[in-house]
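Just so it is clear, the model here is predicted, and its values are computed rather than measured. Numbers restart at 1 for each chain; the letters A, B, ... are given by sequence-line order, proteins then strands.
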There are 2 protein chains.
Amino acid sequence: MVLVSDNDSATSHAIADDLKEKILAGKYKPGARLIQDELAIEFKASRSPIREALRMLEADGLVTIKTHSGAWITELNFAEFEELYQIRERVEPLMLRLSIPHLTTKLIKELEATLEKLNEATSVEQFLKLDREFHLLTYEGAITSYLGEIVQRMWNTTQPYRRRYSQILEREHFTSAHLEHTLLMKAIKRADLDDAERILYGHIRRTRLELQEQAE
Amino acid sequence: MVLVSDNDSATSHAIADDLKEKILAGKYKPGARLIQDELAIEFKASRSPIREALRMLEADGLVTIKTHSGAWITELNFAEFEELYQIRERVEPLMLRLSIPHLTTKLIKELEATLEKLNEATSVEQFLKLDREFHLLTYEGAITSYLGEIVQRMWNTTQPYRRRYSQILEREHFTSAHLEHTLLMKAIKRADLDDAERILYGHIRRTRLELQEQAE
DNA sequence: TTAGAGTCGATTGCATCCAATCACAAGAAA
DNA sequence: TTTCTTGTGATTGGATGCAATCGACTCTAA
């Protein structure tokens, strides 16, 4: 699967990519309205490519479109967050299983480098970015078409919750996450599929439960 | 979750719904090219709503769009089929688990009626339609936003393989499917979540393995 | 015969204009 | 005051025309 954006010359794709980055960076807040004309001015294009870009982002789960009404940055309520995490618990271990056998030594080195940087992260934004990078890298070996899309989509839409969770983690300097990441890395290195699946399952599940606890 | 199409007045939605139905019915073959102008004439509309409809179908996984090149009915290769079924094995049992506690007596009756008709099905097309109806009905209790979409999408894109599988089943008058469906129905009626999950998992897995066997 | 460059038609992508729709506010009736 | 109606402005949806791009074909040269 490909992590980086494909160099698609079409402006609608360029707009979609740019908007996506901004949304994930939290520059557009969940629930914020997107007005086609304003975007057209911002991106110096007509509304046609804007409309197409919005449709693409809708497919990514980042934007919600309502006919004759408008487009908004997708806002997950708590029930939806729980649902998404339950799906992640079942699906991402599968993705990891499909990935591990195809991880090259180069990728493993990259993973270790990312993990090291991740362990040294101090700010929330830094942690968020590197955490995403680390996990998506562990999936890089999986030769998939749909699974990768699904997983990415879930990472996209749950980003605001991960940000909130990271703020909780910050208090204890991300230690529990670090431990799990290290365990996961070891399981990956010895290509232990079952163990890797189990650790990842627990990792996602713990996040969900801790956020549920926080919410009460 | 809603199975029937929502009455969205916009023509782009109407076109998307119509196209979707035709694709699922096998009226457009996998791999077939879709030309915007031709669709515009067919649906008596301009290309704008056609383009939007194609984007929606792309999100549904029914159509594949390539920039500056065109749109085709999605064609699953065998590896992609295997992948999708592996996802289904993990995800649909979860959907069933979330659904069962919320199934109303009215829905259960509907399920039983569908199952009866399904057991009497003789033609492949009849079996396909009722099988889809039965399984999606078992998920009807799940109050989900994303999971339902994912599941529907997978049902959409794997439809051609299910058609092929049904043709195999036809030889033995669909008996093995009937048995599993009956077992599933019983587990649902006694609200046995674990058992229902297990039966469904096996049901999907067996389909995958039998088709893999056939393919060799 | 085959490989490569150039050309042309078909088709997609984008801009612009007009029509359709919705949300909101102001006013009228109970 | 509250509720219903009506109108108006903002915004989205769709039609049309033009520009950009791709792919297939032809022609040429080795």
**Asked** Any ring pair (Phe, Tyr, Trp, His ring centres under 6.0 Å) pairs touching residues 103-134 of chain B, not counting sequence neighbours?
**Response** B:F127-B:F174, B:F134-B:H181
**Prompt:** With A:E120, which residues qualify under salt bridge (Lys or Arg N to Asp or Glu O under 4.0 Å), at least two apart?
**Reply:** none
**Fill in**
Exactly one of A:E92, A:E180, A:R88 clears side-chain hydrogen bond (donor to acceptor under 3.5 Å, both in side chains) with A:H203, and that residue is A:E180
**Asked** C:dT12 C1' sits how many Å from B:I50 CD1, rounded?
**Response** 14 Å
I'd like a table of atom pairs between the protein and nucleotides 10-13 of chain D - only N or O on both sides, under 3.5 Å - with the distance next to each one.
from   : atom 1 : to    : atom 2 : distance (Å)
D:dT11 : O3'    : A:R33 : NH2    : 3.1
D:dT12 : OP2    : A:Q36 : N      : 3.3
D:dG13 : OP1    : A:H68 : N      : 3.4
D:dG13 : OP2    : A:Q36 : NE2    : 3.3
D:dG13 : OP2    : A:R51 : NH1    : 2.5
D:dG13 : OP2    : A:R51 : NH2    : 3.1
D:dG13 : N7     : A:R47 : NH2    : 2.8
D:dG13 : O6     : A:R47 : NH1    : 3.4

**Asked** Tell me: CG of B:L54 to P of D:dG14, nearest whole Å?
**Response** 13 Å
**All ring-ring contact (aromatic ring centres under 6.0 Å, His included) counterparts of B:Y201, not counting sequence neighbours** = none
**B:S48 vs D:dG14: side-chain N/O to OP1/OP2 distance below 4.0 Å** = no
**Contacts of type salt bridge (Lys or Arg N to Asp or Glu O under 4.0 Å), residue B:E75, not counting sequence neighbours** = none
Table please: side-chain donor-acceptor pairs of residues 101-110 of chain B below 3.5 Å, with sequence neighbours left out.
from   : atom 1 : to     : atom 2 : distance (Å)
B:H102 : ND1    : B:L98  : O      : 3.3
B:T104 : OG1    : B:L107 : N      : 3.1

**Asked** Just to confirm, is there a sub-4.0 Å distance from OP1 or OP2 of D:dG14 to any side-chain nitrogen or oxygen of B:S46?
**Response** no
